[in-house]
Trainee: 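Sharing a structure, written as structure tokens. Questions coming.
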Amino acid sequence: MSSEYDVNLRYGVNSNMDLGGKVAVVTGGLGGIAMASNEMLLAKGARLALLYPPFEADKVASLRDGFDEGSALFVQCDVTDPASVEQAFEQVVRHYGQIDILVNCAGYVMLQPVLETDFAEWQKQIAVNLTGPFLCSQAAGRHMIAAGNGGKIINIASQAASVAIDNHVAYTSAKAGLLGMTKVMAKEFAPHRINVNTLSPTVVLTPMGEKAWRGEKGEQMKKLIPLGRFAYTDEIAAAVLFFASNGSDMITGADLMIDGGFTIW
Ligand SMILES: NC(=O)c1ccc[n+]([C@@H]2O[C@H](COP(=O)([O-])OP(=O)(O)OC[C@H]3O[C@@H](n4cnc5c(N)ncnc54)[C@H](O)[C@@H]3O)[C@@H](O)[C@H]2O)c1
């Protein structure tokens, strides 16, 4: 007798994580984690829209040559500016006609103790790490919902969203906000088959990781990570790929720690 509880039924997970025909927007698209993610998304057949801030415009000409013709669109976008975000997403939709995946990778950190945190630095970290993903997810969500084909929103948070680390007050506040934002969006967008999740890396070997952890301080930090090292960019990209693929279709509102065990307690 047939039953919906038939163990032989399959959802149709694509174990190759094929992304052929998909368009992925990556914010802060020229950054360290972003570039490793770009490589993996491209290898699985996605076409990319790489959003870069105005202050990185001089990098674009040399990077463009590394991408196949037609596989990557470079779009200037300051994620903290609503008009810039709106224009960028319109340009992506005009060019590709669709958005299937959004990776919110843009980020900024400035470490200061609570009493020395200056207001402008507080505002900037909230703007880049929280307001930016909000504006970009709102813009992408609008297009995804109108298209009716579902979608994937992947927010790069941090281990600092969940545990207290000295001098991280503004960054932590923004990234913890990002976890909350992700949960609300996950719930509201679920009827549209749009998954919204966060990835929370430990220190990653990028310019941002170096800015915060270079030198002896970093060596001390590694001792607190059970696996004893910092993360490589492709280890974060591997999770981006999984969350972009249909194997993660049942996961939404989740936060995946990629922290070598730092937050085990
Ligand atoms: N490196 C780490 O140790 C680490 C750890 C946990 C989480 N993260 C997060 O991972 C993400 C990627 O960081 P990364 O390590 O690749 O650093 P990165 O510095 O290489 O990349 C960050 C990118 O964000 C861009 N950016 C900054 N302000 C922007 C703005 N206003 N508009 C658009 N883009 C802007 C930068 O130009 C840069 O390209 C960030 O969200 C970061 O907070 C990093």
Side-chain angles (χ1 to χ4, degrees), residues 25-40 49-60 63 74-89 102-111 120-121 123-137 139 153-163 165 167-168 170-179 181-182 198-214 217-218 221-222 225 229-237 239-240 255-260 262-263:
V25 178
V26 183
T27 76
L30 312 184
I33 292 172
M35 288 300 281
S37 302
N38 298 341
E39 246 175 60
M40 280 200 198
L50 304 183
L51 273 46
Y52 62 91
F55 60 83
E56 278 191 335
D58 58 340
K59 279 192 184 176
V60 174
L63 284 174
F74 291 80
V75 181
Q76 191 165 302
C77 176
D78 175 349
V79 298
T80 68
D81 174 0
S84 174
V85 169
E86 196 181 325
Q87 280 163 20
F89 279 79
L102 167 65
V103 189
N104 278 308
C105 236
Y108 174 75
V109 69
M110 174 57 73
L111 301 186
E121 286 297 343
Q123 293 284 63
K124 186 168 174 182
Q125 287 171 87
I126 301 294
V128 179
N129 297 309
L130 179 58
T131 306
F134 170 72
L135 294 172
C136 294
S137 301
I153 298 177
I154 302 155
N155 296 318
I156 312 296
S158 169
Q159 62 184 9
S162 298
V163 289
I165 306 177
N167 304 320
H168 277 66
Y171 187 76
T172 285
S173 301
K175 294 293 192 182
L178 187 57
L179 299 193
M181 184 200 92
T182 296
T198 48
L199 306 181
S200 282
T202 185
V203 182
V204 186
L205 301 171
T206 70
M208 183 184 290
E210 185 179 11
K211 178 181 177 187
W213 296 101
R214 97 171 57 84
K217 187 180 158 196
M221 180 61 169
K222 282 180 203 165
I225 299 174
R229 63 176 176 86
F230 293 155
Y232 289 80
T233 52
D234 56 337
E235 296 180 292
I236 315 307
V240 169
D255 179 38
L256 178 67
M257 292 288 180
I258 312 174
D259 67 351
F262 181 70
T263 56

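Remember, it's 1-based here, ligands and their atoms both numbered in the order they're listed. Computed from a prediction, not measured in an experiment: that's the story for all the values here.
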Trainee: How far apart are the closest heavy atoms of M40 and D234, and which atoms are they?
Mentor: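 That closest heavy-atom pairing would be CE-O, 3.4 Å.
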Trainee: Sequence neighbours left out, what passes ring pair (Phe, Tyr, Trp, His ring centres under 6.0 Å) with F74? Give chain and number order.
Mentor: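 Expected list: F67.
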Trainee: If you look only at pairs with a residue in residues 50-60, which of them pass as a side-chain hydrogen bond (donor to acceptor under 3.5 Å, both in side chains), with sequence neighbours excluded?
Mentor: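 Sorted pair list: E56-K59.
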Trainee: Is the number of heavy atoms from other residues, nucleotides or ligands under 6.0 Å of E121 CD greater than 12?
Mentor: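 More than 12 within 6.0 Å, yes.
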Trainee: Quick one: salt bridge (charged side-chain N to carboxylate O under 4.0 Å, His left out) partners of K222, sequence neighbours excluded?
Mentor: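 Scan of K222 (salt bridge (charged side-chain N to carboxylate O under 4.0 Å, His left out), adjacent residues dropped) gives E219.
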Trainee: Just to be sure I understand the cut-off, which residues have at least one non-hydrogen atom under 4.0 angstrom from an atom of ligand 1?
Mentor: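 Protein residues near ligand 1 are G28, G31, G32, I33, P53, F55, E56, C77, D78, V79, T80, C105, A106, G107, V128, I156, A157, S158, Y171, K175, P201, T202, V203, V204, T206, P207, M208, G209.
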Trainee: What I want to check is whether the side chains of S200 and D255 have a donor and an acceptor closer together than 3.5 Å.
Mentor: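 Yes - a donor-acceptor pair under 3.5 Å links their side chains.
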